[in-house]
Protein chains: 2
Amino acid sequence: MRYIVRTTIKDIAKALDVNIGTVSRALNDKPGVSAELRKKIMRKATELSYRPNGHARGLVTQRTESIGLLSGAETSTFLSNPFYAGIFAGIEAETREHNYALMFASATTESSIFDGRLPKFIVEHRVDGLLIVGAVDEAIIRLLNESHRAFVLVDYHLPGEDLETVVTNNLRGGRSATEHLLSLGHRHIAFVGGTPLDRGNFHERLQGYRDALESAGIAYREELVRGGQIVGGHDAALDLLDAHPEITGIVACNDANALAAIGALRTRSLKVPEDVSVIGFDDIPAAQESWPSLSTMRVDKIAMGRKAAQRLLQKLEEGEASAPHQIVFPAELIVRSSTGAPRK
Amino acid sequence: MRYIVRTTIKDIAKALDVNIGTVSRALNDKPGVSAELRKKIMRKATELSYRPNGHARGLVTQRTESIGLLSGAETSTFLSNPFYAGIFAGIEAETREHNYALMFASATTESSIFDGRLPKFIVEHRVDGLLIVGAVDEAIIRLLNESHRAFVLVDYHLPGEDLETVVTNNLRGGRSATEHLLSLGHRHIAFVGGTPLDRGNFHERLQGYRDALESAGIAYREELVRGGQIVGGHDAALDLLDAHPEITGIVACNDANALAAIGALRTRSLKVPEDVSVIGFDDIPAAQESWPSLSTMRVDKIAMGRKAAQRLLQKLEEGEASAPHQIVFPAELIVRSSTGAPRK
DNA sequence: TTGATTCCGGCAAACGATTGCAGTATGCGG
DNA sequence: CCGCATACTGCAATCGTTTGCCGGAATCAA
């Protein structure tokens, strides 16, 4: 085993011939220590490069000053999603600034609850609170709720429950995206979706699309909507275009799907935006770098992550006091070069 | 403050009227407890849904069963780099399977060492070991070395030192990429790089490019090499093409730069690969999805992450015993549609 | 000088586990 | 029926902090 010398509070006490309690009080800015002695203790502490032992402290204070980031998806899926990566970055920044440590884990299948494979930090209570990013099994949320753990849901919410959440205004965003195409003169607008499409974020965006059409007096046609994975964004677009050549505009449930759709259009030698306009959602970095650059609904991912972390930390300070907030971030229309007036 | 009921080892002991020591031994599969009693204790433990308290345990065992992932770059930079995201995923998988928790932090500037803003988990010794991904300040490495902390460097190494590392064979990879273009018949091959180009991974890849050229009897021409950021991959390519229209092939230091270069070529109405062939490095997901799909040198990021985690965990088990390994992963040529024979 | 009041600092009990050591059954042979 | 070895199990110290409580010194007013 490794042998590491670590100076403890005792060493300081011994060196200065005072009691450990006094040292503790001095180090933690607690009253009951004269300014002079406090200074002496501080000096000695840095001299011996003293670092508090998190375990010992955590044992008595029952706090770890660290929070957990829990993803409902596989880690590689989670991280390769630029949207979540942005949220992660926001969370990390906020927690770091508040001197909290950040633990990461994913909790995917429901089974993990029962076979005890839930992330250790949940089960052994080694984090003060949890940030749950994306859809996660309801059973986990119920579990956390019952055990009175502090947590905040990011980019996900359970319809019925009154939970602390930070989400995007998907409904309005979907609506705005569609309205953008409508205002350019498009009338035959398709929606290429992700999974699931019958609930969650993508469903809300679809609903916004639907609302916009209906407000514009255009009938919603189910055959112009296709779900599927990202790769499916490609196939879905082909399907749609072949079956409905009148389509001049596509609203995608997110940027990845939009990019895939553009790729599909290219294989049919259709030009974007001359032949078909495409608008995405999220504004991931690739949206800007792609060609043509992608019009999209921007969501401030960093800000969402930061806000969620703020809420959690605040909850931890205040205890149960405050009622759950539901914070909704707007999505902002960013017009780039993948959308334009329809062909005549 | 929140009030959470947690069952402790004491509760079990009381319920069964045995000593806490016995309970501890039973729960940890230590000898000295009859099979019968052990079973009874186990049952009671699950009945009361007992979870060991990490702090208490850590205090006596001096281990946390958790490791830290330290990034040298800003978190958002780190996460939006698909290469690192892959490594992260590999690390997460491996640590999860071994029941270790994973903490994340970034340590960017050197200043952070002195103003005490180094990640808490390093300083308060709350992780057993560290995985350092990407270039990080040497001072930090020195610090860790001196304090005898177990750590493994991933995708980074310090020339002189004999440290535990997991890296890519950049030299050979750069060479293979270049040889691929040479074998297709290209003779005027440029290199578009990242920063820094005078040391580190990109330098090694450049060196491989140079070796390949020289082995093929083609003089290395400094004016065909351009450094710069990713966005610079775009500008660098334009620069090069305008100054040296004879160029028919481009080796990029990584996929992001390759993609940027392709974008640049498009603005000059140059076709890939008909007019210019482009090859990248890393094989990030976008390489496959882009159009044209990108030929590249694949690096198995997940495997690298896993391997690094394995090494660290092994080190932790064995103590200082083993001498540092330097594990080198090969890069594999993946031919897609961005490379072809040069125009005549 | 005395009594009240304040302020400091020491003492020791937690927190929840692990673990060496000592003690007590139990079984077995004599 | 006794002694001895061999399991088991209990006791208590320990890890490094925090924190309530208490005693003593110092200050001040009367």
Side-chain angles (χ1 to χ4, degrees), chain A residues 1-42 44-45 48-66 120-121 123-126 128, chain B residues 1-42 44-45 48-66 120-121 123-126 128:
Chain A
M1 280 294 103
R2 268 162 321 131
Y3 181 72
I4 301 183
V5 200
R6 291 186 50 76
T7 90
T8 74
I9 213 171
K10 269 188 200 162
D11 300 323
I12 302 178
K14 210 172 297 170
L16 259 35
D17 200 39
V18 295
N19 188 276
I20 56 166
T22 308
V23 175
S24 171
R25 266 183 286 261
L27 257 23
N28 292 309
D29 267 338
K30 294 263 166 84
V33 185
S34 64
E36 194 187 2
L37 179 55
R38 184 183 305 262
K39 195 169 282 177
K40 248 172 61 182
I41 290 177
M42 291 296 212
K44 201 67 179 179
L48 299 177
S49 72
Y50 164 79
R51 296 292 165 206
N53 179 316
H55 291 127
R57 170 180 279 168
L59 193 53
V60 23
T61 61
Q62 301 286 10
R63 318 190 76 225
T64 59
E65 308 231 308
S66 60
K120 206 163 182 164
F121 66 65
V123 126
E124 295 195 2
H125 196 237
R126 300 217 296 223
D128 294 340
Chain B
M1 279 294 104
R2 267 163 321 129
Y3 181 72
I4 300 183
V5 200
R6 291 187 49 77
T7 90
T8 75
I9 213 171
K10 268 187 201 163
D11 300 323
I12 301 179
K14 209 173 298 170
L16 259 34
D17 202 36
V18 295
N19 189 275
I20 56 166
T22 308
V23 176
S24 171
R25 266 183 285 262
L27 259 21
N28 293 308
D29 268 337
K30 293 265 165 81
V33 185
S34 66
E36 194 188 2
L37 179 56
R38 183 183 305 262
K39 194 167 285 177
K40 249 173 61 184
I41 290 177
M42 291 297 211
K44 203 65 180 179
L48 299 178
S49 70
Y50 163 79
R51 297 293 165 205
N53 180 316
H55 291 125
R57 170 179 278 166
L59 192 52
V60 22
T61 61
Q62 302 287 9
R63 317 190 75 226
T64 59
E65 308 233 308
S66 60
K120 204 163 185 169
F121 66 66
V123 126
E124 294 194 2
H125 194 238
R126 299 216 297 221
D128 295 339

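Each chain gets a letter, A, B and so on, in the order the sequences are listed, and its residues count up from 1. Heavy-atom basis, side chains included; hydrogens, waters and symmetry copies ignored.
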Report the distance from atom [atom1] of [X] to atom [atom2] of [N], rounded to the nearest whole Å.
X	N	atom1	atom2	answer
B/Leu16	D/dG10	CG	P	10 Å
B/Gln62	D/dT17	CD	P	11 Å
B/Leu59	D/dC15	CG	C1'	4 Å
A/Ile9	D/dC15	CD1	C1'	13 Å
B/His55	D/dT17	NE2	P	13 Å
A/Asp11	D/dG16	CG	P	9 Å
A/Arg51	D/dT17	CZ	P	12 Å

When you measure from every atom of DNA chain C, which of residues 30-38 of chain A have a heavy atom less than 4.0 Å away?
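Nucleic-acid contacts, sorted: A/Gly32, A/Val33, A/Ser34, A/Leu37.
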
Can a side chain N or O of A/Asn53 be found less than 4.0 Å away from OP1 or OP2 on D/dC15?
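For D/dC15, neither OP1 nor OP2 has a side-chain N or O of A/Asn53 closer than 4.0 Å.
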
Of D/dC21, D/dG16, D/dC11, the nucleotide closest to the side chain of A/Arg25 is D/dC21

For the pair A/Asp29 and A/Arg38, find out whether any cationic side-chain nitrogen is under 4.0 Å from an anionic carboxylate oxygen.
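Salt bridge: yes.
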
Between which nucleotides of DNA chain C, 5' to 3', does chain A make heavy-atom contacts below 4.0 Å?
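From 5' to 3', the first and last contacting nucleotides are C/dC8 to C/dG16.
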
